[in-house]
Amino acid sequence: MIKKEVVTNSPEETKKIGFLMGKKVIEKQKKFFLSLSGDLGGGKTTFTQGFAEGVGVEENITSPTFLVFKKYKTKNNKYLYHFDAYRIEDKDLSVLGFQEIINNEENIVVVEWGENIKKSLPEKSAEIHFEFKDDKRRRLIIQGDGDIIDKL
Ligand SMILES: Nc1ncnc2c1ncn2[C@@H]1O[C@H](COP(=O)(O)OP(=O)(O)OP(=O)(O)O)[C@@H](O)[C@H]1O
Ligand SMILES: [Mg+2]
């Protein structure tokens with residue numbers, strides 16, 4: 001695991017980082033689990049939009065806050081699961097089949113508000129903490145394997 005910090009100056013820059021990470025993930029990894037944490041409006045969904053594009057999701061993704069999660073087909077016949085744990089806690093996950101989803105080798109899983117379901121999270125492939133600096137700037141503290149996050 002390595003750690004790096006990036007400050008982005010626009011939503012597009014945050015999306016671009018997501019896109020680059022998504023591309024690496026779909027090229028390299030089998031299953032992948034990414035936890036996104038940090039400030040409200042920090043850019044987790046914006047990042048995930050770029051990430052989804054990077055793994056080859058063709059539709060536009062929107063925040064799954066009220067649905068808890070959404071599933072999308074990616075390149076290479078895998079699936080992206082986008083969770084938003086803002087309104088849930090660990091005990092809610094069993095009904096959603098969370099453990100089955102994260103154990104499936106074909107799945108790439110991104111969880112917003114991962115800090116709300118700490119006890120249920122698997123070993124993370126990567127983690128990003130988002131800090132709101134001002135209107136346009138966000139600090140992303142990114143941790144993960146070098147081959148995924150080196151060139152972001
Ligand atoms: N540098 C930036 N990176 C990301 N988003 C930015 C940036 N600058 C401004 N924004 C704006 O901030 C908002 C970020 O919202 P977004 O829904 O991505 O955050 P979030 O972390 O998912 O929020 P929530 O905590 O509600 O889930 C968007 O309206 C986006 O346009
Ligand atoms: Mg969000």
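Counting starts at 1 for both ligands and their atoms, in listed order.
- Among the atoms of Asp84, no N, O or S atom falls under 2.8 Å of the Mg ion (ligand 2).
- Contacts with ligand 1 closer than 4.0 Å are made by backbone heavy atoms (N, CA, C, O) of Asp135 only, the side chain lying farther away.
- Of the protein's non-hydrogen atoms, Thr46 OG1, 2.5 Å is the one closest to atom 18 (O) of ligand 1.
- Within the 4.0 angstrom cut-off, atom 29 (O) of ligand 1 has no protein heavy-atom neighbours.
- By the 3.5 Å distance cut-off applied to N or O atoms, Leu40 is not counted among the residues near ligand 1.
- At a heavy-atom cutoff of 4.0 Å, ligand 1 is contacted by no atom of Glu13, backbone or side chain.
- Open room surrounds NZ on Lys23; 12 or fewer heavy atoms of other groups in view lie less than 6.0 Å from it.
- In this structure a side-chain-to-backbone donor-acceptor pair under 3.5 Å is missing from Lys151 to Leu20.
- Other residues, nucleotides and ligands place more than 12 heavy atoms under 6.0 Å from the NZ atom of Lys4.
- Asn116 approaches Ile88 most closely through the heavy-atom pair CB-O, 3.8 Å.
- Between Trp113 and Tyr86, the angle of the ring planes lies from 30° to 60°, which puts this pair in the tilted group.
- Residue Thr14 touches ligand 1 through its side chain alone, judged by heavy-atom distances below 4.0 Å.
- Note that the NE2 atom of His82 and the CG atom of Leu34 stand 9.5 Å from one another [nearest 0.5 Å].
- Residues Lys70 and Thr62 have side chains that bring a donor and an acceptor to within less than 3.5 angstrom of each other.
- Nearest protein heavy-atom contact of atom 25 (O) of ligand 1 is Lys44 NZ, 3.0 Å.
- Among protein heavy atoms, atom 27 (O) of ligand 1 sits closest to Glu112 OE1, 3.2 Å.
- The existence of a salt bridge linking Glu106 and Lys31 is excluded, since no basic side-chain nitrogen approaches an acidic carboxylate oxygen closer than 4.0 Å.
- Around CD of Glu105, the count of heavy atoms belonging to other residues, nucleotides or ligands within 6.0 Å exceeds 12.
- Ligand 1 is never approached by Tyr86 to a heavy-atom distance shorter than 4.0 Å.
- Taking atom 19 (O) of ligand 1 as the reference point, the nearest protein heavy-atom neighbour is Gly43 N, 3.1 Å.
- Closest heavy-atom approach to atom 31 (O) of ligand 1 among the candidates Ser10, Ser37, Pro11, Ala85: Pro11.
- Cation-pi geometry between Arg139 and Phe130 is not satisfied (NZ or CZ under 6.0 Å from the ring centre, within 45° of the ring normal).
- Atoms of ligand 1 lying under 4.0 Å from at least one heavy atom of Thr45, given by number and element, are 17 (O), 18 (O), 20 (P), 22 (O).
- Of the N or O atoms in Arg138, one or more lie within a sub-3.5 Å distance of an N or O in ligand 1.
- Residue contacts with ligand 1 for Phe47 are absent, since no atom lies close enough (heavy atoms, distance under 4.0 Å).
- Residue contacts with ligand 1: Arg137 is placed with no nitrogen or oxygen under 3.5 Å of a nitrogen or oxygen of the ligand (distance criterion only).
- Within Glu112, the N, O or S atom lying nearest to the Mg ion (ligand 2) carries the name OE1.
- The Mg ion (ligand 2) has no N, O or S atom of Thr48 under 2.8 Å away, backbone or side chain.
- A cation-pi arrangement is found for Lys71 relative to Tyr79, the charged atom lying closer than 6.0 Å to the ring centre and inside a 45° cone about the ring normal.
- Residue Lys136 has at least one heavy-atom neighbour below 4.0 Å for each of these atoms of ligand 1: 1 (N), 2 (C), 7 (C), 8 (N).
- Checked by atom type and distance alone, the side chain of Asn107 never pairs as donor or acceptor with a backbone atom of Val109 at under 3.5 Å.
- The closest protein non-hydrogen atom to atom 24 (P) of ligand 1 is Gly41 N, 3.7 Å.
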